[in-house]
Peer 1: 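This is the structure I have questions about; it appears just below.
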Amino acid sequence: MQRRIRRAAEPLRDDLQSTIRGLPIRSAGRGSGKRGGLSPTTRPLRATLAGAIRISVRTTSNPGARVWVDKGLLPPDLRNMPQVINTGRIRHPVFGNRRRWATQTAPPLWWDKTVQRHRARMESEVARVIDDVRRQLS
């Protein structure tokens, strides 16, 4: 039962991971006379977030699956980033300089929209698994 419920949730997890990897994050760009340069970190933001998406399955009184972001797998400075990106507005200090801030945008509610696309399929699959288990027990 647990394996079948996990299999029902895997397409959602995979879609969430591919969505965050391809999520366009845009900035207003540099103004004239502004300096630029390479990022001081080599950590890829989207891949880091995608790697922290997990599935947990419960088979107790309320069976189902939960797809979530494991904040323990994220670096301390990125722990709130999934919620921030889901709002569509990312505000952060420029290269750690807390006197200069930048605002970047992403498509809002990317997590919610992706989950909504998979919800009906997952609910029907979990219901089918539960019915199969009930039939085997009776």
Peer 1: If Ile, Leu, Val, Met, Phe, Trp and Tyr residues are connected whenever their side-chain heavy atoms lie under 4.5 Å apart, and connections chain through other members, are Val84 and Leu23 in the same group?
Peer 2: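 Linked within one cluster.
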Peer 1: Please name the pair of heavy atoms, one in Thr48 and one in Pro75, separated by the smallest distance, quoted to 0.1 Å.
Peer 2: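 Heavy atoms of Thr48 and Pro75 come nearest at CG2-CD, 3.8 Å.
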Peer 1: If you apply the rule side-chain contact (heavy atoms from CB on, under 4.5 Å), what do you find for Arg4 with Met1, and how did you get there?
Peer 2: CA-CA 5 Å; Arg4 287 179 64 190; Met1 178 172 166; 6.0 Å; no
Peer 1: Measuring from Arg66:CZ to Arg58:CZ, what's the distance to the nearest 0.5 Å?
Peer 2: 8.0 Å
Peer 1: Arg100 side chain to Pro93 main-chain N or O, any donor-acceptor pair under 3.5 Å?
Peer 2: no
Peer 1: In chain order, what residues pass the salt bridge (Lys or Arg N to Asp or Glu O under 4.0 Å) check against Arg134, with sequence neighbours excluded?
Peer 2: Asp131
Peer 1: Any idea which heavy atoms bring Pro11 and Ala8 closest together, and the distance?
Peer 2: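 Taking Pro11 first and Ala8 second, the nearest heavy atoms are CD-O, 3.5 Å.
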Peer 1: Shortest non-hydrogen contact from Arg21 to Arg46?
Peer 2: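 Closest approach of Arg21 to Arg46: O-CD, 3.4 Å.
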Peer 1: Is there a path of hydrophobic side-chain contacts, each under 4.5 Å between heavy atoms of I/L/V/M/F/W/Y residues, joining Trp68 to Val57?
Peer 2: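 Not linked; separate clusters.
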Peer 1: Look up atom CG in Leu73 and atom CG in Leu49, then write down how far apart they are to the nearest 0.5 Å.
Peer 2: 11.0 Å
Peer 1: Distance from Ile90 atom CD1 to Leu45 atom CG, nearest 0.5 Å?
Peer 2: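 The distance works out to 7.0 Å.
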Peer 1: Please report the closest heavy-atom contact between Gly64 and Val126, naming both atoms and the distance.
Peer 2: CA-CG1, 4.3 Å
Peer 1: Could you measure the distance from the CD1 atom of Ile55 to the CG atom of Leu16? Nearest 0.5 Å is fine.
Peer 2: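 One finds 9.5 Å between CD1 of Ile55 and CG of Leu16.
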Peer 1: Say you draw a straight line from CG of Leu12 to CD of Glu10; how long is it, rounded to the nearest 0.5 Å?
Peer 2: 11.0 Å
Peer 1: Would you mind checking if Arg128 and Glu125 are paired as a salt bridge, meaning a charged N to carboxylate O distance below 4.0 Å?
Peer 2: yes
Peer 1: Under a single-linkage definition using a 4.5 Å side-chain heavy-atom cutoff for Ile, Leu, Val, Met, Phe, Trp and Tyr, are Ile20 and Ile25 assigned to the same hydrophobic cluster?
Peer 2: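 Result: yes, single cluster for both.
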Peer 1: Take a 6.0 Å sphere around CZ of Arg91 and say whether it holds more than 12 heavy atoms from other residues, nucleotides or ligands.
Peer 2: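 It does: Arg91 CZ has more than 12 such atoms within range.
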Peer 1: Could you tell me which non-hydrogen atom of Ala9 sits nearest to which non-hydrogen atom of Ala65, and how far apart they are?
Peer 2: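 Scanning both residues, the minimum pair turns out to be CB-CB, 3.7 Å.
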Peer 1: For the atom pair CD (Gln116) and CG (Leu109), what is the distance rounded to the nearest 0.5 Å?
Peer 2: 11.0 Å
Peer 1: With Gln17, which residues qualify under side-chain hydrogen bond (donor to acceptor under 3.5 Å, both in side chains), at least two apart?
Peer 2: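 So Gln17 forms no side-chain hydrogen bond (donor to acceptor under 3.5 Å, both in side chains) with any residue.
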Peer 1: Got Leu74 and Pro82 here, is their nearest side-chain heavy-atom distance under 4.5 Å?
Peer 2: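 Yes, close enough: below the 4.5 Å cut-off.
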Peer 1: Within the side chain of Asn86, is there an N or O that forms a donor-acceptor pair under 3.5 Å with the backbone of Trp111?
Peer 2: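 Side chain of Asn86 to backbone of Trp111: a pair is present.
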